[in-house]
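Numbering of ligands and ligand atoms starts at 1, following listing order. Heavy atoms only: backbone and side chains are in, while hydrogens, waters and symmetry mates are out. The structure presented is a predicted model; accordingly, all values stated were derived computationally and were not measured.
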Amino acid sequence: MRKKTVRDIDVNGKRVLVRVDYNVPLDAGKILDDSRIRATLPTISYLREQQAKLILMSHLGRPKGRRDEALSLRPVAKRLGELLGGEASLRRPGVDHGDTPSPESGASLREARVQMTDCCVGAEVQRAAHSLGEGEILLLENLRFHPEEEANDREYAKALASLGEVYVNDAFGTAHRAHASTEGVARLLPAVAGFLMEKEIEFLSRAVENPERPYAAIIGGAKISTKMAVLEHLLSKVDKLLVGGGMANTFLKAEGFNVGESLVEDDYLEQAKNVMRHAEEKGVRLLLPADVIVAERSAADSPARRVSVKDVPEGWRIMDVGETTIDVFARALQDCRMVVWNGPMGVIEMAPFAHGSHRLAGVIANLGEATTIIGGGETAAVVEQVGLASRFSHVSTGGGASLEFLEGKELPGVAALMDA
Ligand code: ADP
Ligand code: MG
């Protein structure tokens, strides 16, 4: 799948409406992690270099369609201004910005003060958007202060669209939702992908359309019920399927092993058998854990030990995969040219049971030539934790969105962008 990007459309001097994902973790108005803001800088800088007038929009948290001061984007506007100010003056010290006429707008290009409005639609926003100078930035207030955003209300989408002449979507994390700012506006303006969105589409579509081979998928996480669609879809694409985490327990039980008090979904035993049968029919090599770390209780300080999957003690529970499993997985991955990983191998929230996932992250990071892709929120957190994110070809920024992409679903926010 190829979509038009900001490079493929004339944005010069135009009002460009950009959907970003500024859903940052906040504590009493303080931004705990600004990586989502930083991630949008390439698109924003490019558009400013093209003398575009930027109108940025995002949701933040779950205000449930009502104004909630605690979820205002004001702290984000401030942080973005700081990031851009530093960046702009570092990159082009004292440079006069070509055809920006007034000294005022020249100064704002360098300092990049980000304007804000109290709302995201209405007369005040209209005025602010239409009086933007080239390179200037307006951030709209939280889109989800209005119930019309998630309802993909047509009038609301029209009001947003009226602010810009071109629409750019750089918010992959919400692309699986058909909301007014992700899908509605894209139907009303020429719609293209930003650089973040472009990279997501490029890597994730390779994983489902034309993967390099051999191709392995590693699927883990808590429940098989949330991963059935991705398992079935990837089965028709991959050469090897490696299963770990809590969901492997349901496979192990379906194979006749005793899994003690482990997390199991008894309603899915048949489906697990189907996956194993389909793998065999398609000639996909399916690997399940050979050994596991079991604990007496689900607690970090619980007694724990490593056992073969044949010997899970009555009353104990599986919390992580064992060393042998990671050794076997590592060998299976060695010749792979493409590896997709979604879902941790164990209960990563408890340090003693994060080891399998950490080791696996290291194995994949060291695969040399292979294209390596991480999808899924917790899995991305694991590779960040061990400082290996930069050693993967692509770490998706969208948990739910990347999972739906790997399930072969069409994401409404991506589908609405112009084809390249
Ligand atoms: P992602 O967000 O990367 O898609 P998931 O949300 O599917 O991943 O799964 C992450 C969760 O899986 C973690 O909270 C982790 O505790 C849980 N998990 C992994 N292994 C086990 C296990 N053996 N027993 C219970 N929960 C597990
Ligand atoms: Mg998750």
Q: Fit a plane to each ring of Phe203 and His394, take the angle between them on a 0 to 90° scale, and name the class: parallel (under 30°), tilted (30 to 60°) or perpendicular (over 60°).
A: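 Parallel, since the angle between the ring planes stays under 30°.
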Which ligand 1 atoms are under 4.0 Å away from a heavy-atom of [X]?
{"X": "Gly377", "result": "1 (P), 2 (O), 3 (O)"}
{"X": "Ile318", "result": "22 (C), 23 (N), 24 (N)"}
{"X": "Gly245", "result": "20 (N), 23 (N)"}
{"X": "Pro344", "result": "3 (O), 8 (O), 9 (O), 10 (C)"}
{"X": "Asn342", "result": "4 (O)"}

task: Compute the minimum heavy-atom distance from Gly399 to ligand 1 and say whether it is under 4.0 Å.
output: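 Per 4.0 Å heavy-atom rule, Gly399 does not contact ligand 1.
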Residue of the set Asp34, Leu73, Ile44, Leu139 for which side-chain contact (heavy atoms from CB on, under 4.5 Å) holds with Leu80: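 That would be Ile44.
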- Find out whether the Lys NZ or Arg CZ of Arg297 is both under 6.0 angstrom from the six-membered ring centre of Trp316 and within 45° of the ring's axis.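 So Arg297 doesn't make the cation-pi contact.
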For [X], which part has a heavy atom under 4.0 Å from ligand 1: side chain, backbone, both, or neither?
{"X": "Arg317", "value": "neither"}
{"X": "Lys227", "value": "side chain"}
{"X": "Leu263", "value": "side chain"}

#### Entry: Top protein contact for atom 21 (C) of ligand 1, by heavy-atom distance
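Answer, as residue, atom name and distance: Gly246 N, 3.2 Å.
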Students should be able to answer this: which protein heavy-atom is nearest to atom 3 (O) of ligand 1, and at what distance?
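Looking only at protein heavy atoms, the one closest to atom 3 (O) of ligand 1 is Thr379 OG1, 2.5 Å.
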Query raised in the report: What protein N/O/S atoms are found closer than 2.8 Å to the Mg ion (ligand 2)?
Result: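 Short answer, with waters excluded from the count: Glu378 OE1.
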| Would the number of heavy atoms belonging to other residues, nucleotides or ligands and lying under 6.0 Å from NZ of Lys78 be above 12? |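 Counting other residues, nucleotides and ligands, NZ of Lys78 stays at 12 neighbours or fewer.
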Say whether [X] and [Y], considering side chains only, have a donor N or O and an acceptor N or O under 3.5 Å apart.
{"X": "Lys310", "Y": "Asn258", "value": "no"}
{"X": "Ser181", "Y": "Tyr156", "value": "no"}
{"X": "Glu296", "Y": "Ser302", "value": "no"}

*Quick one: does Asp320 get an N or O within less than 3.5 Å of an N or O on ligand 1?*
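N/O-N/O distance under 3.5 Å: no.
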Report yes if Ala222 has an N/O atom closer than 3.5 Å to an N/O atom of ligand 1; otherwise report no.
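Yes, at least one N or O pair falls under 3.5 Å.
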